[in-house]
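Okay, so here's the structure we're looking at.
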Amino acid sequence: MDEQQEMKVKNPWHRPHIFLVAFGISVGIIIMVAIAVVQNKPLHQKYKYGIVLDAGSSHTSVYIYEWPAEKENNTGMVRQKHACSVKGKGISSYSGTPEKAGESLKECMDEAKKTIPKQRHQETPVYLGATAGMRLLKMDNDIASEKVLASVETSLQTYPFSYQGARIITGQEEGAFGWITVNYLSENFITASGTVGALDLGGASTQITFVSGQEVESLDNSIDFRLYGNDYRLYTHSFLCYGKDQVLKLSLEQQIKPKLDVTDNIILEDPCFHPGYEMNKSFQSVFDSPCVKMVTHSKTGQTFKHKGIGDWKKCQEAITKVFNTSYCRYSRCSFNDVFQPPVKGRFGAFSAYYFVMNFLNVTTDNSLDDAKKKLGSYCTTHWNTLKQKHPGVKEKYLSEYCFSGTYIITLLEDGYKFTPEDWKNTNFIRTIKDSEAGWTLGYMLNLTNMIPAEAPDTPLLPFGGYVSLMLVLSLLIFVCLILGYIFFRRPSGPAHKEII
Ligand SMILES: Nc1ncnc2c1ncn2[C@@H]1O[C@H](COP(=O)(O)OP(=O)(O)O)[C@@H](O)[C@H]1O
Ligand SMILES: [Ca+2]
């Protein structure tokens, strides 16, 4: 009996509290290991980067994107890490001094070098896409446009990144990649919520892109994509010369034309500019674009007086004249003989749509009629009152918001045939989840093959679920071991004898 008692003391498993302590410690260790795994995961996460330069007609922006390396194909994983606005005008403005186009990018590209971790520089792709400003320069002066592109190319090649090319993208690409960006960021490709149409307004061109569900009668306007296992047929059109800066030139030209032969001292009374606004402008500034067909060499170097009268109704009448709706060779057109099926679904309107409407404080919470009333009263505001109210706003922008707002409403309503209901389904957006809406993200996703045609195989469990399951399984195994130990040990051990 003494011997048996001794054995009981030597075998700790015969004391339940020791067993409990050992069990508690083991569970504690397992939980700590699991938490450490979860906590430390982001530290070990490898990020990848990509740079896209948006060489627009009015200015260039450099965007840096970032994504976790192992989640390349999951929608919504790429986000904008940084954006830099290049000082000065767009690259097409350097047609006379092409070498300066490349130089202009230096500050923002130096910033990119600092933003992206050094060890990732070599593998980081850089793309430059030029839009309507360069399309116009190419039409006007092909050699100059080549020189400007060569200049930005030389400049970008001096950086430690992986240079992938600088080119003028097509209007279809601009429209389609804007649509991809908006829907990728909204995660519409993986949910059943349907897609959102994209409206992009620039300075020199404007794009409309949406899934119409109807036959697209002109091949130029149709793009097919297979993304994440779904087929999409997009309607897209880019109107060159219908960005807000070029339309302003078109509208000024139309108002000047009838006065040209009548008088030498032209005073243009413009309903789209505020009462009290008066500025001498050169004819050159209106006629210097291939969008404006009239060439008046006799007026080169001369100026006209641009005078605001602030009359929204007349402004809209003037703007309507830039749309040609007299001819359509398809079953239906937007304007200028361009096929367009009826607009459908929700729309995200970005770039200058957002800048203008945000400044005017017009949202689609206002009915279309209320938006017009608001704009009408804004346009009649005296120029001096406005300048006093917005001392920080660039005068050029400030003077043009009445025109631009009127153009936007006219383009949507008369151009694209938006009904008051479609207007309500439109959102003016600058960013989605902190990434800017525009064509650049979609462009990069496409060129880096980050948008697969088929839905990627998703793991059975998310990472958190996986860790929890492993934890429960380890506990189960642990408990089984303990029970097994106790159970199998008893028949041969002294404890068994003791019971008998
Ligand atoms: N804060 C702002 N207020 C009003 N307009 C703006 C503002 N910032 C940018 N813009 C305008 O947005 C437009 C951007 O066009 P951009 O992308 O340069 O041309 P495109 O896309 O036609 O090549 C330009 O007309 C520019 O003047
Ligand atoms: Ca643009």
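For the numbers below, each heavy atom of this structure counts, side chains included, while hydrogens, waters and symmetry mates do not. As the structure lists them, so they are numbered: ligands from 1, and atoms in each ligand from 1.
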Would you say NZ of Lys387 has more than 12 non-hydrogen atoms from neighbouring residues, nucleotides or ligands within 6.0 angstrom?
yes
Under 6.0 Å from the CD atom of Glu187, do we count more than 12 heavy atoms belonging to anything else shown?
yes
Would you call the rings of Tyr235 and Phe210 parallel, tilted or perpendicular, taking 30° and 60° as the class edges?
tilted
Ring-plane angle category for Tyr159 and Phe161, please: parallel below 30°, perpendicular beyond 60°, tilted otherwise.
parallel
Tell me, which residues have any heavy atom less than 4.0 Å from some atom of ligand 1?
Gly56, Ser57, Ser58, His59, Thr131, Ala132, Glu174, Gly202, Gly203, Ala204, Ser205, Lys244, Asp245, Ala352, Phe355, Tyr397, Tyr401
Just checking Tyr277 against His306, ring centres under 6.0 Å apart?
yes
What's the spacing between Met450 CE and Lys48 NZ if we round to 0.5 Å?
8.0 Å
